[in-house]
S.K.: 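Quick one: structure below, then a few questions.
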Amino acid sequence: MSATEASMSVEGYERLDQAIEDPLFPEVDLALRAGRHIDVEEGGRYELLAEAQPLLEGFYQRYGWELVRAPAGYFFLVPHGERLSRRQLTTGEMLVGQALALLYLDPATLETAGAATRSQVVEILQHLVGEARLYLELHPRRRKVDERIAAESVRREVDKALRSLAHLGFVDLVDEERLKLRTPLIRFAEPVLAMDDPASALARLVSKGRAALGTDKDEGTQEEGGDEVDA
Amino acid sequence: MGELTKTLSALYEGHQGINLSPADLCFVVALRAKADQSSLTAFDEEALADVFQQVMGLLEPEAESLKLRATTAIRRLREQRLLTRIDGAGVVRAGEYALTRLSDALAEFFLQEETLTRESLVLLTQTLTSQLLQVKKAAGRAKTAEDWRRDVVQPLRITAGDLLGGIERRQRGLDASQEKIREQIATLLRDDWFQAIEACEALLEETAATLRELNDILLRDAASLQTQLQDIAELGRERGDGGESAALQLAEQVDRVAAWGASRQRAWSDYYRYVQRFLRDVVRLDPGRALSQRLRDQLRGFCDRRFHLVAADMPALPVPRVPDLRAERPMVVRRRVTRELDMEAVVADDGIFVIEARTRELLAQRPASLATIVRELVGAVPPEERFRLVGRLTALCGVDTQVQRTHERPWTPVGAGIELEDWAFLWPRESPPGERDERGATKTPKTRGRRKA
């Protein structure tokens, strides 16, 4: 343990070993490494991160990773270097994520405490992206729209993206139709959060390793890390 | 449940239903308001028509033929049991009408839905407590079943039950009021955004405080009510005639009322936290409400300026299987198979010995021919055994007797649909040497007959 770590004093955890010995630490650590965003809804996991944040930031820095606490209060891990694999969200996940973020920002969802439906997501996407364009974006190998199966096919791709986003902690899937929106959805609005030019904001995110400017061939790619070091 | 099933069946089979237009509903609500305002217990036809015309004048100023429409509306309300005629004069004179319980309930829902407040809850629980104390005393005094029914069961079902029902009704009113507050908060934010923060927080706090206070009162008073009800139930149990059931039913109702408080407080607490986070993370961070529009623009142009968020993606660690060195590998052995069939117990069949013995008895009597013996014995066996029996009898007779030689032996019926080529026996002294075939054996006579035999 470094002198810096030893001198840190956080409510609940005065030393790094205390945080690591917490029974919740293994599942928090594995969830972060799997790309999960942890917000206040996760109770004990969030509290552990909030209380041990300075200690764990130093801990993950040694691997070359960054433990980020967003202004909206959720945590996630950004891999730098090659010791941890990383992935870019696919076009489908990005489109669905932005539609969910729009729903999250809508005061109408306050009435239901953040509950939304899959149909609302599809409606937003069809309205803002256009039905034909949406179909082609979600099916990059197809050149034209097949009217007979377009609606069903779009719905299937949206469902696939939602499952992935749920795994990453952006949304909870309540049943086959209903969803619970989570605070980390704000991350999809990060390029437009500040009032400056979105392109500059996006460039900053890219330079910090939190986003990548993508093309079709990049999407969903998994970048293999190097040697994994046990924590 | 049986009663409920009967009621539901009667409702369904009787095609009972309520179908009210907005104008009819307004008419009912206006009648109830008028009755309250003027302390009326009934309306004559003219008063009903007046109220209808006032309502329509407000809702549809251009409407015509109001008198006729009023008559139709009154008929519709009567058909749906929202108005009842109370004079009993038939068509002799203009009728007098009163609102029914159904129309009262409808109007009450829209006019003055009562919500649970601290004052109403305290008053109701205090009244209930004192009522239960009286019932408990009466329960101690009750000697007969009639005393128990009059002084315990009826007060519990009617007075105490109604008081608890009053609390539950007001709870439902408070539920509806909370839903309105949720709508109000959403509307405030939609209309005023940043300026609405204080108003929203005040609404949240006020409701949270009300629920907290009500829950505290419910928890405290429910415990005391349950104690009283348990005492009454205990007295009823001692009587041994199921007298405790009314008290136990009421205790369940008290549990339900108390559970409501905790459940609503928990639900509001979740909503409270969600709205507070929204106010902090969204509204305060974006006072100009530009974020939604900017995000909408970002999504609209995403396909031309696409970007992808980056997330950690550690694959699940492969866990190689650890060989268990302590485990002993079992020896390879051939599976044991028993090829011999098991012995089976069967009933001994000694029928053939009986037949042999009987044949010898008959031969001792020196019968004239084989047909005599066969006829005697063929009926004693089942049809499927008869041909075999004839063969066996022939063999026995062939061994023990000599047969007369003839060129052509006669076909003789022996019963059971069988005929045989008969042998005439030669008995000692009178018999020539036995007829033998070329190998020295007696020829077997031929038999014929229906195969079913």
Side-chain angles (χ1 to χ4, degrees), chain A residues 30 32-35 40 65 71-73 76-79 84-91 94-95 97-99 101-102 104-108 110-111 113-114 124 128-129 133 137 168 183 186-189 191-193 195 198-199 202 205-206 209-215 218-219 222 225 228, chain B residues 179-193 196 200 204 267-318:
Chain A
L30 287 173
L32 287 171
R33 290 175 191 230
V40 69
W65 307 333
F76 62 102
L77 205 57
V78 178
L84 179 62
S85 300
R86 58 173 162 261
R87 67 178 283 235
Q88 297 173 15
L89 269 59
T90 63
T91 298
M94 288 302 297
L95 286 168
Q98 289 172 86
L102 266 175
Y104 180 78
L105 294 175
D106 187 351
L110 275 184
E111 270 182 62
I124 288 177
L128 293 178
V129 181
R133 187 81 191 263
E137 287 295 331
L168 294 173
T183 313
I186 290 286
R187 205 182 154 197
F188 287 93
V192 289
L193 265 180
M195 294 304 288
L202 188 55
L205 288 175
V206 173
R210 297 183 193 179
L213 296 172
T215 58
D218 297 331
E219 74 168 34
Q222 198 176 52
E228 184 66 33
Chain B
E179 208 174 316
K180 280 182 192 157
I181 289 173
R182 288 177 184 223
E183 286 173 21
Q184 203 178 341
I185 287 175
T187 311
L188 278 170
L189 282 171
R190 199 162 35 236
D191 296 345
D192 296 331
W193 195 241
C200 291
L204 282 174
W268 190 261
S269 166
D270 290 344
Y271 175 72
Y272 180 97
R273 280 203 303 272
Y274 186 86
V275 177
Q276 285 289 5
R277 277 205 306 276
F278 187 84
L279 296 177
R280 187 190 61 218
D281 300 338
V282 179
V283 184
R284 287 187 197 280
L285 281 180
D286 179 30
R289 205 183 178 182
L291 185 56
S292 288
Q293 188 53 47
R294 285 160 68 90
L295 180 57
R296 202 169 281 116
D297 293 341
Q298 174 185 291
L299 180 53
R300 199 175 275 126
F302 177 79
C303 301
D304 301 320
R305 296 183 300 277
R306 67 183 71 221
F307 68 97
H308 302 275
L309 294 180
V310 170
D313 187 34
M314 187 190 74
L317 287 172

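Every chain is numbered from 1, with letters handed out A, B, ... down the list of sequences.
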S.K.: What part of B:Arg305 gets closer than 4.5 Å to chain A, counting heavy atoms only: side chain, backbone, both or neither?
M.R.: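 Neither part.
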S.K.: Report the option among A:Val206, A:Leu95, A:Leu32, A:Leu205 that has the most heavy-atom pairs separated by less than 4.5 Å from atoms of chain B.
M.R.: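 It is A:Leu95.
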S.K.: Looking at every heavy atom in both A:Thr91 and B:His308, which two are closest together, and how far apart are they?
M.R.: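 Closest heavy-atom pair between A:Thr91 and B:His308: OG1-CE1, 3.6 Å.
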S.K.: Tell me, side chain or backbone of A:Ile124 under 4.5 Å from chain B's heavy atoms, or both, or neither?
M.R.: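 Just the side chain, heavy atoms under 4.5 Å.
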S.K.: Please classify the contact of A:Ile186 with chain B as side chain, backbone, both or neither, using a heavy-atom distance under 4.5 Å.
M.R.: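 Just its side chain gets close to chain B.
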S.K.: Do A:Tyr104 and B:Val282 come close enough that some side-chain heavy atom pair is under 4.5 Å?
M.R.: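 Yes. Closest side-chain heavy atoms under 4.5 Å.
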S.K.: Test your reading of the model: is there a side-chain donor-acceptor pair from B:Arg294 to the backbone of A:Val192, 3.5 Å cut-off?
M.R.: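 A pair under 3.5 Å: yes.
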S.K.: Who wins among A:Pro198, A:Pro191, A:Ala108 for the most heavy-atom pairs under 4.5 Å with chain B?
M.R.: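 Among A:Pro198, A:Pro191, A:Ala108, the one with the most close pairs to chain B is A:Pro191.
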S.K.: Only counting residues at least two apart or in another chain, list the ones meeting side chain to side chain donor-acceptor pair (under 3.5 Å) with B:Gln298.
M.R.: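 Partners of B:Gln298 by the side chain to side chain donor-acceptor pair (under 3.5 Å) criterion, ordered by chain and then number, come out as A:Gln98.
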S.K.: Got a second to check how far B:Arg306's CZ is from A:Gln88's CD, nearest 0.5 Å?
M.R.: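 Separation between the atoms: 12.0 Å.
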S.K.: Side chain from CB out, backbone as N, CA, C, O: work out which of these in A:Leu102 comes under 4.5 Å of a heavy atom of chain B, or both, or neither.
M.R.: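 Contact with chain B involves both backbone and side-chain atoms of A:Leu102.
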S.K.: If I compare all heavy atoms of B:Val310 with all of A:Arg187, which pair ends up nearest, and what's the gap?
M.R.: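 Heavy atoms of B:Val310 and A:Arg187 come nearest at O-NH2, 2.9 Å.
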S.K.: Name the region of A:Val40, side chain, backbone, both or neither, that has any atom closer than 4.5 Å to a heavy atom of chain B.
M.R.: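 The answer is the side chain of A:Val40.
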S.K.: Output the option from B:Ile181, B:Leu189, B:Asp281 having the highest count of non-hydrogen pairs under 4.5 Å with chain A.
M.R.: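 Going by pairs under 4.5 Å, I would pick B:Asp281.
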S.K.: With a 6.0 Å cut-off (strictly less than), is the heavy-atom count around CD of B:Glu179, excluding the residue itself, greater than 12?
M.R.: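 Atom CD in B:Glu179 is not crowded, with 12 or fewer foreign heavy atoms closer than 6.0 Å.
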S.K.: Please give me the minimum heavy-atom distance between A:Ala101 and B:Leu295, naming the atom from each residue.
M.R.: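 Heavy-atom minimum between the residues: CB-CD2, 3.6 Å.
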S.K.: Could you grab the distance from atom CZ of B:Phe278 to atom OG1 of A:Thr183, nearest 0.5 Å is fine?
M.R.: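 The distance works out to 10.5 Å.
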S.K.: Return each pair, listed once, that meets ring pair (Phe, Tyr, Trp, His ring centres under 6.0 Å) where at least one residue sits in residues 279-307 of chain B; pairs must be two or more places apart or across chains.
M.R.: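 Of all non-adjacent pairs touching residues 279-307 of chain B, those that pass ring pair (Phe, Tyr, Trp, His ring centres under 6.0 Å) are B:Phe302-B:Phe307.
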S.K.: What's the shortest heavy-atom distance between A:Leu168 and B:Ala311, and which atoms?
M.R.: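 That closest heavy-atom pairing would be CD2-CB, 4.5 Å.
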S.K.: Under a 4.5 Å heavy-atom cutoff, which of B:Leu299, B:Asp270, B:Asp297 has the most pairs with chain A?
M.R.: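 If we count pairs closer than 4.5 Å to chain A, B:Leu299 comes out on top.
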S.K.: Quick one: what part of B:Arg280 sits under 4.5 Å from any heavy atom of chain A, side chain, backbone, both or neither?
M.R.: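 Only the side chain of B:Arg280 comes within 4.5 Å of chain A.
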S.K.: Could you look at A:Val129 and say if it's the side chain, the backbone, both or neither that has a heavy atom under 4.5 Å from chain B?
M.R.: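 Side chain of A:Val129 only, per the 4.5 Å heavy-atom cut-off to chain B.
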S.K.: Can you name the closest pair of heavy atoms from A:Ala189 and B:Leu291 and give their distance?
M.R.: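 Reported closest heavy-atom pair: CB-CD1, 4.2 Å.
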S.K.: Once you round to the nearest 0.5 Å, how far does CG of A:Leu110 lie from CG of B:Leu279?
M.R.: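 Spacing of CG (A:Leu110) from CG (B:Leu279) equals 7.5 Å.
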S.K.: Looking only at heavy atoms, what is the nearest atom pair of A:Pro107 and B:Ala186, with distance?
M.R.: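 Taking A:Pro107 first and B:Ala186 second, the nearest heavy atoms are O-CB, 3.6 Å.
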